[in-house]
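Worksheet: one structure, shown below.
As the structure is a prediction and not an experimental result, all values here were calculated from the model. In this chain, numbering begins with 1 at the start of the sequence shown. Below, each value reflects all heavy atoms present in this structure, side chains not excepted, and no hydrogens, waters or symmetry copies.
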Amino acid sequence: MSRIREDYNKTAAYRFRHFVEGDLPETIEEPTPEELEALCPPEETHGHAAAASESAEGQRQGTGKPRSPSEQFVDLKERDPLEDAKRFAEMSGFRWFRRIYQIAAMVLCVCIIAMLIITVGHMPIHGSNDTPTSNEVMERYLEKGQEETGAPNLVTGMILQYRAFDTFGETNVLFISTCVVMLLLLMKKKEGKTEKPAEKDGESRYEPGGDIILQTVARVVVPMIMVFGFYILLNGHLSPGGGFSGGAVMGAGLILHCAAFGFSRTARFFNEKVYDIIKVGSLCLYAIIITYYLFTGANDIASIVPLGKVGNIISSGLILPINILVGLEVACTMYAFYAFFRKGGF
């Protein structure tokens, strides 16, 4: 989970966001004489100035009354923040950007609806011989699935090789959902400083008191859970299991450790930096593998990665590393959801 950089207000992304959203700049500029004249009528300003000069003259002669705090300053009309925002939006070009965005969104929705309608129109009628349940796809999976994928588990071979691109899309959904949760629940800095919770006995105020029973059980169970989850990842192409189920088990182990010992002790081996490396690195490596699959498959090129001996752990080509990458992605997503919903961040 990335934090906002200290020099973020100097980046192009910061300037583009203010250009699009039309926000007022953080630095308040001094009003010009024309704006002062518009905010405060000349006669009102003249009256206050005359009163101030008379009071000052009287104080010098010892006959004048002391001025009240309200008489020492010129009363200016309060500026309407809404009007200022509208004026700045007109200057920043937000209006035409919003119109282009709305038009582009409408065109995109119409195109998607048209594509779906055309696709549905070309689908075979239910019960005909051209339906997926009656064509050669199912027979191809059953007859040559193990030979072409090297995985005894035909479900894993189909998901992570024949339909690996679909699984890559599901993994992107996990990544995007985590980013959305981060944007919604991440604790924001207040006035440029991060509010640090008061700590007591090494634990922050977000953490309850340590439960000796839970901690004792977690010391024994958490290592077993993590080992079992990694076992499911390694055997996903040989038996029921795989990246999603193994990652769920490993994520549950991380959540149990955090619930028993707190965020501070969990951060010793799984902090925000480690999370970023695993989360982004797994998705990027998965994208590279999928690109290789698409390139070789579209050009009818034989893969240089050997399938290995069927039944061994080191086999099935690139299915094994894909299982591991998907499992790491799922484990990180589960722990991130828990961490953000519990206190707003790592």
Side-chain angles (χ1 to χ4, degrees), residues 132-133 135-175 222-254 269-270 274-335:
T133 56
N135 59 20
E136 66 277 2
V137 175
M138 180 182 63
E139 298 178 359
R140 178 62 175 261
Y141 289 163
L142 296 177
E143 294 177 358
K144 296 188 177 182
Q146 182 172 323
E147 176 185 350
E148 294 178 347
T149 63
N153 187 353
L154 297 181
V155 176
T156 302
M158 178 186 66
I159 293 175
L160 297 183
Q161 191 170 61
Y162 290 121
R163 300 182 59 185
F165 189 76
D166 296 343
T167 308
F168 178 67
E170 297 172 6
T171 309
N172 277 277
V173 170
L174 295 177
F175 181 81
V222 169
M224 299 173 61
I225 292 177
M226 301 303 290
V227 172
F228 180 65
F230 197 68
Y231 165 81
I232 296 176
L233 292 183
L234 295 180
N235 287 269
H237 59 293
L238 306 177
S239 60
F244 288 98
S245 53
V249 173
M250 296 175 67
L254 290 173
F269 64 92
F270 193 78
V274 175
Y275 172 87
D276 289 339
I277 294 174
I278 295 177
K279 186 78 173 176
V280 180
S282 299
L283 191 63
C284 291
L285 290 176
Y286 193 3
I288 294 173
I289 295 176
I290 290 301
T291 303
Y292 172 76
Y293 266 149
L294 293 177
F295 178 78
T296 55
N299 295 278
D300 197 17
I301 301 175
S303 176
I304 61 175
V305 181
L307 297 179
K309 185 178 180 180
V310 178
N312 291 348
I313 292 180
I314 308 298
S315 63
S316 70
L318 294 173
I319 291 180
L320 177 59
I322 290 177
N323 257 331
I324 296 175
L325 296 176
V326 172
L328 294 176
E329 192 79 18
V330 173
C332 291
T333 302
M334 288 187 58
Y335 180 77

- Message: Enumerate the ring-ring contact (aromatic ring centres under 6.0 Å, His included) contacts for residues 283-307, please, sequence neighbours excluded, ordered by first and then second residue.
- Response: F168-Y286

Would you name the heavy atoms of [X] and [Y] that are closest together and state the gap between them?
X: N312; Y: L238; value: O-CD2, 3.6 Å
X: L328; Y: S282; value: CB-OG, 3.7 Å
X: T156; Y: G241; value: OG1-O, 4.2 Å
X: R140; Y: E148; value: NH2-OE2, 2.5 Å
X: V249; Y: I225; value: O-CG2, 3.3 Å
X: G243; Y: N323; value: N-OD1, 2.8 Å

Nearest 0.5 Å, what's the [atom1]-[atom2] distance between [X] and [Y]?
X: I289; Y: L294; atom1: CD1; atom2: CG; result: 12.0 Å
X: I159; Y: F244; atom1: CD1; atom2: CZ; result: 8.0 Å
X: C332; Y: M250; atom1: SG; atom2: CE; result: 8.5 Å
X: T333; Y: L174; atom1: OG1; atom2: CG; result: 4.5 Å
X: I290; Y: L283; atom1: CD1; atom2: CG; result: 10.5 Å
X: L325; Y: I278; atom1: CG; atom2: CD1; result: 11.0 Å

Set of side-chain hydrogen bond (donor to acceptor under 3.5 Å, both in side chains) partners for [X], sequence neighbours left out:
X: S245; answer: none
X: N235; answer: none
X: T171; answer: none

Decide yes or no for [X] and [Y]: does some side-chain heavy atom of the first lie under 4.5 Å from some side-chain heavy atom of the second?
X: S315; Y: V310; answer: no
X: F228; Y: I232; answer: yes
X: F269; Y: V274; answer: no

- The residue among N153, L320, I322 that forms side-chain contact (heavy atoms from CB on, under 4.5 Å) with H237 is L320

- Please walk me through it: do V227 and Y231 pass side-chain contact (heavy atoms from CB on, under 4.5 Å)? CA-CA 6 Å; V227 172; Y231 165 81; 5.5 Å; no

- Message: Give me each pair satisfying salt bridge (charged side-chain N to carboxylate O under 4.0 Å, His left out) with a member in residues 277-297, each pair once, sequence neighbours excluded.
- Response: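 Passing the test, one end in residues 277-297: K279-E329.
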
- Quick one: does T167's side chain have a donor or acceptor within less than 3.5 Å of a partner on L160's backbone?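 Absent.
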
- Item | Set of ring-ring contact (aromatic ring centres under 6.0 Å, His included) partners for Y141, sequence neighbours left out |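 Listed in chain order: Y162.
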
